[in-house]
Amino acid sequence: EDQVTQSPEALRLQEGESSSLNCSYTVSGLRGLFWYRQDPGKGPEFLFTLYSAGEEKEKERLKATLTKKESFLHITAPKPEDSATYLCAVHPGGSSNTGKLIFGQGTTLQVKP
Amino acid sequence: EAQVTQNPRYLITVTGKKLTVTCSQNMNHEYMSWYRQDPGLGLRQIYYSMNVEVTDKGDVPEGYKVSRKEKRNFPLILESPSPNQTSLYFCASSSTPRGNQPQHFGDGTRLSIL
């Protein structure tokens with residue numbers, strides 16, 4: 001069964017304290033792995049797409065990496081405005097040509113000044 | 001401005017009273033999808049559509065219906081709502097038919113079914 005697991009569920013950091021969020025997946029093939037940011041009362045906002053193992057993407061203080069089993073979202077020197085819930089989602093491939101997207105449960109990040 | 005618009009944003013209703021949540025996108029996207037978000041369960045896909053008149057089930061389709069008569073609209077229909085459908089609902093769209101490009105999300109519809 002296709003599955004996406006994120007850890008930790010919640011993370012509290014001091015401003016400037018770097019850390020990583022994990023997204024582990026088991027799917028039949030991978031057509032894409034997505035990272036989204038969700039602020040309270042809002043819909044998810046796209047951050048990155050990764051398609052193959054070894055790929056990396058960067059944006060400001062965020063860097064996403066991908067292996068064959070997991071993805072990491074590294075946050076370098078975070079600021080309070082980085083506080084949000086970060087969602088990982090996987091578009092499975094395999095033999096079926098579907099439009100399914102499977103989300104993890106998210107990691108809620110709080111950055112204190 | 002590129003956007004996905006959902007209506008209503010909030011709704012409190014009673015068991016069994018049919019309701020429709022509308023979703024419209026202005027980006028000419030092929031793919032549209034509905035999700036529900038519940039505490040501890042994350043976002044779960046209800047239905048998706050890869051093109052006009054093409055719809056398919058996600059992971060939690062029971063109790064829901066959809067239709068895609070026009071490219072820009074993808075309404076979610078609850079014919080006989082029940083309390084276990086109380087949730088936060090999101091509509092999303094993507095430029096490719098299978099949705100393997102970034103999805104653009106609406107701001108959500110909070111449904112309470114008493």
Side-chain angles (χ1 to χ4, degrees), chain A residues 1-10 21 23-25 27-52 55 57 59 64 66 84-108, chain B residues 2-7 9-10 21 23 25 27 29-52 54-61 66 68 74 88-110:
Chain A
E1 183 186 345
D2 297 330
Q3 197 167 4
V4 179
T5 304
Q6 290 187 247
S7 61
E9 284 187 24
L21 282 54
C23 172
S24 297
Y25 62 91
V27 295
S28 51
L30 179 71
R31 293 193 190 277
L33 185 142
F34 303 87
W35 283 99
Y36 289 87
R37 169 190 170 127
Q38 186 176 23
D39 293 301
K42 294 282 190 180
E45 181 183 330
F46 169 72
L47 292 173
F48 302 109
T49 309
L50 302 166
Y51 290 106
S52 56
E55 192 173 357
K57 294 270 180 75
K59 181 181 178 181
L66 181 65
T85 296
Y86 290 86
L87 303 171
C88 171
V90 169
H91 190 282
S95 59
S96 56
N97 186 25
T98 76
K100 284 194 173 183
L101 190 65
I102 303 166
F103 279 84
Q105 294 181 344
T107 294
T108 299
Chain B
Q3 58 185 10
V4 176
T5 303
Q6 297 179 226
N7 280 298
R9 293 291 315 280
Y10 305 91
V21 184
C23 175
Q25 50 94 3
M27 294 166 279
H29 282 172
E30 304 280 347
Y31 177 99
M32 297 185 76
S33 183
W34 276 103
Y35 301 88
R36 60 179 288 174
Q37 187 172 37
D38 302 289
L41 296 176
L43 274 160
R44 294 179 292 167
Q45 194 170 34
I46 303 171
Y47 270 97
Y48 62 90
S49 169
M50 294 196 283
N51 212 329
V52 175
V54 179
T55 63
D56 210 344
K57 296 177 181 178
D59 288 327
V60 288
V66 292
R68 187 94 180 273
F74 191 43
L88 179 58
Y89 291 84
F90 289 100
C91 180
S93 71
S94 178
S95 57
T96 54
R98 286 201 303 274
N100 60 333
Q101 291 295 317
Q103 296 196 13
H104 299 255
F105 284 80
D107 279 338
T109 295
R110 188 166 291 281

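Each chain gets a letter, A, B and so on, in the order the sequences are listed, and its residues count up from 1. Side-chain atoms are counted along with the backbone in the values below, which use heavy atoms only and exclude waters and symmetry mates. Not measured: the values here are computed from a predicted model.
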Problem set entry | chain B contact via Gln38(A) - which portion, at a heavy-atom distance below 4.5 Å |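 The side chain, not the backbone.
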Problem set entry | Contacting moiety of Leu47(A), where chain B heavy atoms sit under 4.5 Å | neither
Exercise. How would you list, by chain and number, every residue that makes a ring pair (Phe, Tyr, Trp, His ring centres under 6.0 Å) with Phe48(A), sequence neighbours excluded?
Worked result: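 In terms of ring pair (Phe, Tyr, Trp, His ring centres under 6.0 Å), with neighbours along the sequence ignored, Phe48(A) is linked to no residue.
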Problem set entry | Lys57(A): partners by salt bridge (charged side-chain N to carboxylate O under 4.0 Å, His left out), with sequence neighbours left out | Glu55(A)
Exercise. Quick one: of Pro39(B), Gly40(B), Ala92(B), who has the most non-hydrogen atom pairs under 4.5 Å with chain A?
Worked result: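 Of the options given, most contacts go to Gly40(B).
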Problem set entry | Asp56(B)/Lys100(A) salt bridge by N-O under 4.0 Å criterion | no
Exercise. Among Glu9(A), Gln6(A), Lys42(A), Glu45(A), who wins on heavy-atom pairs under 4.5 Å with chain B?
Worked result: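 Option with the top pair count is Lys42(A).
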For this session: For Arg110(B), look at atom CZ and say whether over 12 heavy atoms of other residues, nucleotides or ligands are found less than 6.0 Å away.
Result: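 Open: at most 12 neighbouring heavy atoms sit under 6.0 Å from CZ of Arg110(B).
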